[in-house]
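All values below come from the heavy atoms of this structure, side chains included, with hydrogens, waters and symmetry mates left out. Numbers here simply count residues along the sequence, with the first being 1.
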Amino acid sequence: MFASLFHAAHTAVVHLSTLLAPVGGVAAAVVAVTMLVRLLLHPLTRAAVRGERARAALAPQLAALRKKHGKDTAALAQAMTDLHREAGVSPLAGFLPMLLQAPVFIVLYQLFASTTVAGQANVLLDSTLSGVPLSAHLLAPAAAWLPHLAVFGGVVAVLTALAWASSQRAARLAALQAEPPTGLLAALPRVLPYTILLSAVVLPLAALLYLVTSTAWTVAENALLRRGHPVRAAAVRPAEA
């Protein structure tokens with residue numbers, strides 16, 4: 001079944017790259033496929049954002065549960081599960097769009113890592129971006145060093161900028177919580193976005209184009225859908241006389 005799906009995906013990308021030949025060919029096709037996937041997942045992202053706001057509204061009740069159950073983690077977990085169920089909120093809803101992207105990313109990776117498709121030579125391996133093969137890796141250049149470093153350097157620079165934007169947003173959201181995290185929990189949201197830079201070392205250029213496009217979409221989507229995120233409760237309380 002995977003072989004049939006893989007062959008169909010290969011055929012689709014080849015045809016799409018032919019249509020997009022004037023604006024980038026295969027590289028443009030990778031970007032277009034990524035944007036199509038994210039567009040199809042947009043309704044799920046909107047639902048995840050609604051879930052975030054619903055969970056934020058439950059914050060006072062969750063704080064009361066933590067105070068009530070203290071160190072009884074089993075009772076606290078059950079009480080939190082019951083509260084989320086009654087409110088119709090799933091704590092895992094935000095992960096669904098990311099999980100559904102995984103199969104697409106795996107297929108795309110294989111498209112630029114397999115030498116043959118259905119017994120035939122993989123023509124996608126001949127495609128390039130500014131002279132650098134889309135199947136090339138940062139530490140294993142298949143072209144001259146200068147264009148290779150220029151293309152990968154540009155991709156890494158964009159990924160770094162996107163990681164910075166994601167890190168800044170995560171820090172702002174953490175600061176808005178009624179009880180902002182401290183220590184390692186405070187540092188993780190700032191650091192985790194930068195782990196995407198590790199992908200530049202191990203993934204082919206085509207997969208990095210997918211990550212750049214998808215991450216840029218996420219940053220833009222967050223800016224649009226998460227406007228008006230509630231400010232910290234203490235900041236909006238009227239001043240006491």
- Item | ring pair (Phe, Tyr, Trp, His ring centres under 6.0 Å) contacts touching residues 203-224 (sequence neighbours left out) | Phe105-Tyr210
- Task: Quick one: list whatever passes side chain to side chain contact (heavy atoms under 4.5 Å, CB included) with Ala64, sequence neighbours left out.
- Result: none
- Query: Looking only at heavy atoms, what is the nearest atom pair of Ala163 and Ile196, with distance?
  - Reply: CB-CG2, 4.4 Å
- Query: Rounded to the nearest 0.5 Å, how far apart are OG of Ser114 and CG of Leu125?
  - Reply: 8.0 Å
- Item | His7: partners by side chain to side chain contact (heavy atoms under 4.5 Å, CB included), with sequence neighbours left out | Thr11, Val117, Ala118
- Task: For Thr218, check side chain to side chain donor-acceptor pair (under 3.5 Å) against everything at least two apart and list the hits.
- Result: Arg38
- Among pairs that include at least one residue of residues 191-216, which meet salt bridge (charged side-chain N to carboxylate O under 4.0 Å, His left out), considering only residues two or more places apart or in two chains? none
- Query: Honestly curious: do Trp164 and Val219 fall in one hydrophobic cluster under the side-chain, below-4.5 Å linking rule?
  - Reply: yes
- Which residues share a side chain to side chain contact (heavy atoms under 4.5 Å, CB included) with Ala216, sequence neighbours left out: Leu162
- Query: Restricting to pairs with a member in residues 102-124, which pass salt bridge (charged side-chain N to carboxylate O under 4.0 Å, His left out), not counting sequence neighbours?
  - Reply: none
- Note on the structure: The complete set of side chain to side chain donor-acceptor pair (under 3.5 Å) pairs with one or both residues in residues 119-128, sequence neighbours excluded, reads His10-Asn122
- Would a hydrophobic clustering, with Ile, Leu, Val, Met, Phe, Trp and Tyr connected at side-chain separations under 4.5 Å, put Leu129 with Val123? yes
- Item | Qualifying side chain to side chain donor-acceptor pair (under 3.5 Å) pairs with a residue from residues 189-205, counting only residues at least two apart or across chains | none
If you look only at distance, which donor and acceptor atoms sit under 3.5 Å apart when one is on a side chain in residues 136-161 and the other is two or more places apart or in another chain?
unit_1: His137; atom_1: ND1; unit_2: Ser135; atom_2: O; d: 3.4
unit_1: His137; atom_1: NE2; unit_2: Val202; atom_2: O; d: 3.4
unit_1: His148; atom_1: NE2; unit_2: His137; atom_2: O; d: 3.2
unit_1: His148; atom_1: NE2; unit_2: Leu138; atom_2: O; d: 3.0
unit_1: Thr160; atom_1: OG1; unit_2: Val156; atom_2: O; d: 2.7

Pair up each side-chain donor or acceptor in residues 14-27 with any protein partner under 3.5 Å, not counting sequence neighbours, and list the distances.
unit_1: Ser17; atom_1: OG; unit_2: Val13; atom_2: O; d: 3.2
unit_1: Ser17; atom_1: OG; unit_2: Val14; atom_2: O; d: 2.6
unit_1: Thr18; atom_1: OG1; unit_2: Val14; atom_2: O; d: 3.0

- Once you round to the nearest 0.5 Å, how far does CG of Leu203 lie from CG of Leu211? 6.0 Å
- Item | Test item: Leu134 and Leu124 side chains (from C-beta on) under 4.5 Å apart, heavy atoms | no
- Between CG on residue Leu39 and OG1 on residue Thr34, distance to nearest 0.5 Å: 12.5 Å
- Query: If you group Ile, Leu, Val, Met, Phe, Trp and Tyr by side-chain heavy-atom gaps below 4.5 Å, do Val31 and Val132 land in one group?
  - Reply: no
- Report yes if the side chains of Pro133 and Leu205 come closer than 4.5 Å at any heavy-atom pair, otherwise no. no
- In chain order, what residues pass the side chain to side chain contact (heavy atoms under 4.5 Å, CB included) check against Leu100, with sequence neighbours excluded? Leu41, Leu44, Leu96
- Query: Linking I/L/V/M/F/W/Y whenever their side-chain heavy atoms sit closer than 4.5 Å, directly or via other members, would Tyr109 and Leu197 fall into one cluster?
  - Reply: yes
